[in-house]
Amino acid sequence: MRIQLEMCANTRDLGGIITKHGKIKSKKLIRSGKLFYATENDIAILESEYQLKRIIDFRNNHEIKRTPDPIFDYVENIHIPILEEHYLTLANTKEKNIHAPDIEYLKHSIEEMKFDVEAISIKEYPKLLSNPYSKEQYKRFLNVLLNEVHGATLYHCSAGKDRVGVGTVLLLGALGVSKEDIIQDYMNTNIYLQKRINHYIDLCKTAGYDNHYLSQIPSLVGVRLSYIQSIFKTIEEKYPSIEDYLIHELDFDINKQKQLQKIYCE
């Protein structure tokens, strides 16, 4: 469920999502995009209504330097960069465009992806599950969550859809959420980013870009079903479930998964 913040459109409480064991507790796990633009009211809501106690930042150092998180009272900040500092891929190339007003950069990104953002994305997404560095970082993320805090944990990247999207697939799988509901949560991203998608289309129209560019913006700024299907395909080529992927690839065994469920499910 989207948290009604003024400047953070893709900040969501995972509470209420159905699992094999009941449902995820409310105000415990929050997925988000960057917090740089959060207003004082946004910060107050997260601190008071959600008792925010921990922020996990998936971004690289250069991204954090460009758009640092605001200061929250009594909040632990943990840096778990999903990508190596030098590793410029779809995830941080795409997500840079989400807030940057540089339409020329967006144009350049579409050209770099040869006017087929979806096809490039389908190739890039599975790398987040196979790259040894990224796997180790997602493993760290899940293990951090085993240390319960009395309040909410918020994890974010830049746009809250690629690196956070894959991390949420793994987290929801560990909590016993069905494949169908994991996909639905992922696709809900487009609902919360639709205004932003429309805004970029309008800016590009004003700048005189033709449909070759305009048609790529939803795939660049939002998500596609094919993206998450590529994640499940990568997992299911070797394992019958996300739970098995976690056991064999991230050393996150059944006992750890049960512990995670005990903390975050009811």
For the ring pair Tyr186 and Tyr227, is the centre-to-centre distance below 6.0 Å?
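Judged by ring-centre distance (under 6.0 Å), Tyr186 and Tyr227 do not meet the cut-off.
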May I ask you to test the [X]-[Y] pair for a side-chain heavy-atom distance under 4.5 Å?
X	Y	answer
Leu175	Ile17	no
Leu129	Lys135	no
Asp185	Val177	no
Glu148	Lys28	yes
Ser215	Phe115	no
Val169	Ile228	yes

Out of curiosity, does [Y] fall in the hydrophobic cluster containing [X] (side-chain heavy atoms, cut-off under 4.5 Å, transitive links)?
X	Y	value
Val144	Ile24	yes
Ile191	Met187	no
Leu14	Ile30	no
Val221	Leu214	yes
Leu203	Ile217	yes

Quick one, Lys20 with Glu243, criterion salt bridge (Lys or Arg N to Asp or Glu O under 4.0 Å). Give me CA distance, side-chain angles, the key distance, then yes/no.
CA-CA 13 Å; Lys20 298 174 184 175; Glu243 294 96 318; 2.9 Å; yes
Evaluate the side chain to side chain contact (heavy atoms under 4.5 Å, CB included) criterion for residues Asp162 and Ile82: first the C-alpha distance (whole Å), next the side-chain angles of each, then the deciding distance (0.1 Å), finally the verdict.
CA-CA 10 Å; Asp162 294 327; Ile82 299 301; over 6 Å; no
[X] side chain vs [Y] backbone, donor-acceptor pair below 3.5 Å:
X	Y	answer
Arg59	Lys34	no
Glu85	Asn61	yes
Gln261	Ala174	yes
Lys25	Ile263	yes
Gln137	Ile80	no
Tyr264	Leu145	yes
Asp42	Met7	yes
Asn190	Val223	yes
Asn60	His62	no
Ser134	Ser130	no

Output, in order, the C-alpha distance, side-chain angles, deciding distance and verdict of side chain to side chain contact (heavy atoms under 4.5 Å, CB included) for Leu172 and Asp181.
CA-CA 9 Å; Leu172 294 181; Asp181 287 342; over 6 Å; no
[X] and [Y]: side-chain donor and acceptor closer than 3.5 Å?
X	Y	value
Glu118	Ser226	yes
Ser158	Arg163	no
Gln51	His150	no
Asn198	Gln194	yes
Gln184	Asn188	yes

Pair Lys256, Leu246 - check side chain to side chain contact (heavy atoms under 4.5 Å, CB included), show working.
CA-CA 10 Å; Lys256 287 184 177 181; Leu246 295 173; over 6 Å; no
What orientation do [X] and [Y] show, parallel under 30°, tilted 30 to 60°, or perpendicular over 60°?
X	Y	value
Tyr245	Tyr239	perpendicular
Phe58	Tyr155	tilted
Tyr213	Tyr209	tilted

[atom1]/[X] to [atom2]/[Y] distance, rounded to the nearest 0.5 angstrom?
X	Y	atom1	atom2	answer
Phe252	Leu260	CZ	CG	4.5 Å
Leu154	Ile3	CG	CD1	7.0 Å
Lys53	Asp73	NZ	CG	10.0 Å
Thr234	Lys127	OG1	NZ	11.5 Å
Thr39	Ile45	OG1	CD1	7.0 Å
Asn10	Arg2	CG	CZ	8.5 Å

So which atom in [X] and which in [Y] form the shortest heavy-atom distance, rounded to 0.1 Å?
X	Y	answer
Val164	Cys157	CG2-N, 3.3 Å
Gly16	Ser26	N-OG, 4.4 Å
Ile18	Lys23	CD1-CB, 4.1 Å
Met113	Ile120	O-CG1, 3.7 Å
Ile242	Phe232	CD1-CE2, 3.7 Å
Ile43	Pro70	CD1-CB, 3.7 Å

Is a salt bridge present between Lys107 and Glu111, judged by a nitrogen-to-oxygen distance below 4.0 Å?
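Looking at Lys107 and Glu111, the cut-off is met.
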Salt-bridge contact Lys139-Glu249 (side-chain N to carboxylate O under 4.0 Å)
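No, no charged N to carboxylate O under 4.0 Å.
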Should the pair Lys27 and Tyr50 be classed as cation-pi, given the thresholds of under 6.0 Å to the six-membered ring centre and 45° from the axis?
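The answer is yes, since Lys27 meets both limits relative to Tyr50.
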Give the C-alpha distance, both sets of side-chain angles, the deciding distance and a yes or no for side chain to side chain contact (heavy atoms under 4.5 Å, CB included) between Leu171 and Arg31.
CA-CA 11 Å; Leu171 173 58; Arg31 59 173 292 176; over 6 Å; no
Whether over 12 other heavy atoms sit under 6.0 Å from Glu237 CD
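For Glu237, atom CD is crowded (more than 12 foreign heavy atoms under 6.0 Å).
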